[in-house]
Amino acid sequence: MKITLRVWRQAGPDQPGAMQTYQLTDVNESMSFLEMLDLLNEELTAQNQEPVAFDHDCREGICGMCGIVINGAPHGRYNSSVPTTTCQLHMRSFRDGDVIDVEPWKAGAFPTIKDLVVDRSAFDRIIQAGGFVSVNTGAAPEAHSVPAPKRQADAAFDNATCIGCGACVAACPNGAGMLFTSAKITHLSKLPQGQPERMRRIKSMVAAHDEAGFGGCQNIGECAAVCPKSIPLASIGQLNRDLMRSLFKADGK
Ligand code: FES
């Protein structure tokens, strides 16, 4: 396949960025999108040019490190029946001769570091604010010692699949991180172990979300349309219900 790439190049956080055009003539349709970028970087390196910086780690759709806006859609998918991460997107999704725009996540809370790499540590700060169970649980308990209804357990698991890639933020016109925050909160609030700190957790995590510079949610739904793990918009509804309850709890816990 021959493809034309228009890639966002930016030397550093305070440098101006611009799209640069590259031609690739030997792309195999079985390559993943990141392998195609590897090919581009090999060619750039051979020409003594600076390779394109991009994030990746597992390349199996589980770590959340990869994140590129492809033709205007985070991870290159929008309302797809097969939602994927960038590393699981294959070149067979494109046609010979295609022109592909490649950009980083662009959001106020995710400043660009270089080229396609952005700083997503704002997500870490939300987790540090309460996205965990802090009681000492000792050794691993017997699997069935804390029974959880199946529907609750399934909902907790569905939300636990969030990999924190940030596609939801990149897609949101407001740059909100509510789908991520709600997935982390809902994951714990559906399980018995998450109850003791439930109200304190939500107030603290939502405050950390706002302090990090994310925008507010207006239920537009772009986040859920691009989420590679299909986290539902209903999780934000759960977050809002819990937040209201927490604000009326007299003891603030
Ligand atoms: S590199 Fe790990 S999810 Fe894509």
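None of the values given here were measured: they were computed from a predicted structure. Just follow the structure's listing: the first ligand is 1, and inside any ligand the first atom is 1.
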| query | Residues two or more places apart in sequence or in another chain: which of them pass salt bridge (Lys or Arg N to Asp or Glu O under 4.0 Å) with R125? | reply | none
| How many N, O or S atoms of the protein are nearer than 2.8 Å to atom 4 (Fe) of ligand 1? | 2
| With sequence neighbours excluded, what pairs up with Y78 under the side-chain hydrogen bond (donor to acceptor under 3.5 Å, both in side chains) test? | E222
| query | How about F123 and F110: are their ring centres within less than 6.0 Å of each other? | reply | yes
| query | Residues two or more places apart in sequence or in another chain: which of them pass salt bridge (Lys or Arg N to Asp or Glu O under 4.0 Å) with D57? | reply | none
| request: Locate the shortest heavy-atom distance separating M36 from L24; write the atom from each residue and the value. | output: SD-CD1, 3.6 Å
| query | Distance only, no hydrogens: is a donor on one side chain within 3.5 Å (strictly under) of an acceptor on the other, for Q23 and T4? | reply | yes
